[in-house]
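In this chain, numbering begins with 1 at the start of the sequence shown.
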Amino acid sequence: MSDAPVVRRARRAPPRIDESKVSQPLQDLFNGWRESLKEPFKGITADGAVESGLFPLRTTGTSTAPLVDAVRAFLASLDDAQRRAVTFDVDGEVWRTWSNIHRNLMRHGLCLVELSEAQRERAYGVMRAGLGARAYETARNAMRLNETLAELTGLPDEFGDQFYWISIFGTPSPDRPWGWQMDGHHCNINCFVLRDQIVLSPMLLGSEPVTAEAGVYAGVTVLREEEAEGWAFMNALSPEQRACTLVGTELPFDGYASGFKDNIVVPYIGLPTAEMSGEQRERLKRLIALYTDRLQPSHASQRLDEVIAHFDRTVFGWIGECDPVSPFYYRIYNPVIFIEFYHQPGVALPNTGYNRRHAHALVRTPNGNDYGRALLREFREARAR
């Protein structure tokens with residue numbers, strides 16, 4: 001779909017919420033999030049210990065110059081005050097304050113709705129340069145469907161396709177660490193860059209509803225392939241194999257590894273690849289590729305190779321029924337990737353049909369390399385030697 005602007009009344013970024021006026025359960029949730037930030041970053045682990053040696057500094061042979069140029073162009077379009085507002089320390093903890101809620105709790109950077117059309121287009125240019133074509137379209141469609149949610153709820157001051165905050169970490173450079181982030185409801189992208197290496201995680205895309213049946217973005221849809229291929233893989237397993245995939249009995253409300261869950265411990269449980277047939281293993285690789293392809297093609301290919309190098313340690317997990325209509329959760333997990341797809345109960349809308357499902361697809365990098373932290377540590381240590 002084109003990025004042509006949609007005619008709408010003027011809107012401003014949602015103000016930060018007054019937490020004293022939200023429900024006690026939400027206050028407790030937000031307090032828990034803040035407490036999690038007091039823990040030093042470790043990353044997802046299987047047993048609380050980070051496995052070392054998984055993410056070495058190396059040369060990929062794929063230039064990141066187009067992304068550097070796109071971010072420089074975006075920064076050049078801003079005035080001095082905007083540049084100060086959008087820029088953060090690459091070593092800082094601001095990276096970790098993303099969240100998949102529509103409320104403005106800890107948003108930072110610049111909100112797209114308050115940029116000029118030219119500046120906003122350059123922000124989208126950062127996304128285009130940093131993501132694969134399919135991932136870019138999925139991310140933009142997640143944003144568009146947030147406008148559909150505004151139409152369906154009648155809450156245009158809470159939901160909208162421009163209520164997303166862009167931040168730049170460090171200074172875009174061909175040889176120094178830096179990164180960028182897009183943060184908002186159902187579109188959370190963290191991209192770390194070091195020379196020609198890229199770490200694109202955590203990255204969560206989702207929507208409620210998953211398809212716009214009417215309105216300005218009628219026909220837009222997201223995550224149908226991730227949903228269909230995950231279900232098809234589970235359906236291709238034998239009853240005995242399916243029993244081995246089960247990692248829980250109730251669907252998690254917001255997945256296991258969403259925002260503010262950087263340091264969760266997740267054991268390697270589920271169906272291991274050693275207990276899959278050759279055809280099933282190949283099918284699982286194709287499912288994984290839907291997620292590694294969120295990167296630009298050459299980086300995506302190398303990321304898939306990195307994941308497949310640990311394929312014998314990969315497990316597939318499932319929660320829910322295995323029928324064509326029931327909601328479900330699946331997980332693909334090994335030492336270098338953590339994927340989860342999940343349906344969530346309706347939050348802003350009732351789940352009254354297939355198109356109104358509430359779906360999410362999340363990718364993280366376990367063992368300390370979300371936000372590129374493992375690479376950044378290797379870089380700092382190499383310079384100190």
Side-chain angles (χ1 to χ4, degrees), residues 19 25-51 54-55 92-108 142 165 167 179 181-192 199-206 208 223 226 247-270 291 294 315 317-319 328-345 347 358-374:
E19 294 181 49
L26 278 180
Q27 290 185 44
D28 294 342
L29 175 67
F30 298 157
N31 287 335
W33 286 358
R34 287 194 171 85
E35 285 299 310
S36 75
L37 295 175
K38 295 178 182 179
E39 300 176 9
F41 174 81
K42 178 183 290 186
I44 296 173
T45 59
D47 57 8
V50 174
E51 188 172 341
L54 296 171
F55 306 105
E93 293 298 288
V94 175
W95 279 105
R96 301 176 61 193
T97 60
W98 65 274
S99 66
N100 177 35
I101 60 170
H102 73 281
R103 305 289 188 91
N104 179 359
L105 177 65
M106 299 185 196
R107 304 298 188 203
H108 46 271
W165 282 256
S167 301
Q181 181 187 77
M182 188 69 73
D183 181 34
H185 190 215
H186 289 140
C187 183
N188 310 98
I189 305 169
N190 294 276
C191 181
F192 173 84
V199 178
L200 191 62
S201 76
M203 182 174 178
L204 183 148
L205 300 175
E208 180 187 21
L223 301 181
E226 290 86 346
V247 295
T249 57
E250 295 185 5
L251 295 175
F253 180 75
D254 192 24
Y256 286 96
S258 189
F260 300 95
K261 299 175 184 176
D262 287 328
N263 295 339
I264 62 169
V265 175
V266 184
Y268 293 119
I269 57 175
Y291 295 89
R294 290 182 172 185
V315 291
W318 182 274
I319 302 173
F328 58 83
Y329 166 101
Y330 71 79
R331 177 195 304 160
I332 304 168
Y333 179 29
N334 75 21
V336 298
I337 198 165
F338 183 96
I339 296 166
E340 56 181 8
F341 175 96
Y342 54 98
H343 294 118
Q344 189 177 3
V347 174
H358 191 181
H360 307 77
L362 172 71
V363 178
R364 277 188 176 262
T365 309
N367 289 299
N369 206 31
D370 273 336
Y371 319 104
R373 289 293 181 89

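- Looking at residues two or more places apart in sequence or on another chain, you find a ring pair (Phe, Tyr, Trp, His ring centres under 6.0 Å) between His343 and Phe328, Phe341.
- Identified under the salt bridge (charged side-chain N to carboxylate O under 4.0 Å, His left out) test for residues 328-342, with sequence neighbours left out: none.
- Between the side chain of His108 and the backbone N or O of Met106, at least one donor-acceptor pair lies under 3.5 Å.
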*Worked verdict on Val363 versus Ile337 for side-chain contact (heavy atoms from CB on, under 4.5 Å)*: CA-CA 7 Å; Val363 178; Ile337 198 165; 4.1 Å; yes
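- Taking Phe55 as the reference, nothing meets the ring pair (Phe, Tyr, Trp, His ring centres under 6.0 Å) condition, with sequence neighbours excluded.
- Judged as a side-chain hydrogen bond (donor to acceptor under 3.5 Å, both in side chains), and not counting sequence neighbours, the contacts of Asp28 are Gln24.
- The distance from the CG atom of Asn100 to the CG atom of Leu204 is 5.0 Å, given to the nearest 0.5 Å.
- One N or O on the side chain of Gln181 and one on the backbone of Trp95 form a donor-acceptor pair closer than 3.5 Å.
- Checking side-chain atoms of Asn367 against main-chain N and O of Val50 turns up no donor-acceptor pair under 3.5 Å.
- Not less than 6.0 angstrom separates the ring centroid of Tyr256 from the ring centroid of Phe338.
- Looking at every heavy atom in both residues, Ala46 comes nearest to Tyr268 through CB-CE1, 3.4 Å.
- Distance CZ/Phe30 to OG/Ser99: 8.0 Å, rounded to 0.5 Å.
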Please list, one pair per line, the donor and acceptor atoms closer than 3.5 Å that link side chains of residues 257-265 to other protein atoms, with sequence neighbours excluded.
residue : atom : partner : partner atom : Å
Ser258  : OG   : Asp254  : OD2          : 3.1
Lys261  : NZ   : Gly255  : O            : 3.3
Asp262  : OD1  : Arg364  : NH1          : 2.9
Asp262  : OD1  : Arg364  : NH2          : 3.1
Asp262  : OD1  : Tyr371  : OH           : 2.8
Asp262  : OD2  : Arg96   : NE           : 2.7
Asp262  : OD2  : Tyr371  : OH           : 3.4
Asn263  : OD1  : Lys42   : N            : 2.7
Asn263  : OD1  : Gly43   : N            : 2.9
Asn263  : ND2  : Glu39   : OE1          : 3.3
Asn263  : ND2  : Pro40   : O            : 3.0

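- Between the side chain of Asn369 and the backbone N or O of Thr365, no donor-acceptor pair lies under 3.5 Å.
- The closest donor-acceptor contact from the side chain of Asp370 to the backbone of Pro366 lies at 3.5 Å or more, if one exists at all.
- Between Val347 and Phe253 the shortest side-chain heavy-atom distance falls below 4.5 Å.
- In this structure, the ring pair (Phe, Tyr, Trp, His ring centres under 6.0 Å) partners of Tyr342, at least two apart in sequence or on a different chain, are His360.
- You'll find the side chain of Lys38 stays beyond 4.5 Å of the side chain of Glu93, heavy atoms only.
- Rounded to the nearest 0.5 Å, atoms CG (Asp183) and OG1 (Thr97) are 7.0 Å apart.
- With contacts defined as side-chain heavy-atom distances shorter than 4.5 Å, the pair Glu250/Ile319 does not qualify.
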*Would you please test Leu205 and Cys187 for side-chain contact (heavy atoms from CB on, under 4.5 Å) and show each step?*
CA-CA 5 Å; Leu205 300 175; Cys187 183; 3.9 Å; yes
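- The shortest side-chain heavy-atom distance between Ile269 and Tyr333 does not fall under the 4.5 Å cut-off.
- Looking only at side-chain heavy atoms (C-beta outward), Pro252 and Gln344 stay at 4.5 Å or farther from each other.
- With a 4.5 Å cut-off on side-chain heavy atoms, Asn104 and Trp165 count as touching.
- With values rounded to the nearest 0.5 angstrom, Met203 atom CE is found 11.5 Å from Tyr291 atom OH.
- Summarising the geometry of His358 relative to His186, their closest heavy-atom pair is NE2-NE2, 3.0 Å, with the distance given to 0.1 Å.
- Side-chain atoms of Ile189 and Leu200, non-hydrogen and from C-beta on, do get closer than 4.5 Å to each other.
- Residues Leu105 and Glu19 form a side-chain contact, since some pair of their non-hydrogen atoms from C-beta on lies under 4.5 Å apart.
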*Let me see the working for Ser201 and Arg294 under side-chain contact (heavy atoms from CB on, under 4.5 Å), right down to the final yes or no.*
CA-CA 10 Å; Ser201 76; Arg294 290 182 172 185; over 6 Å; no
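- Closest non-hydrogen pair, Ala142 versus Gly206, comes out as CB-O, 3.4 Å.
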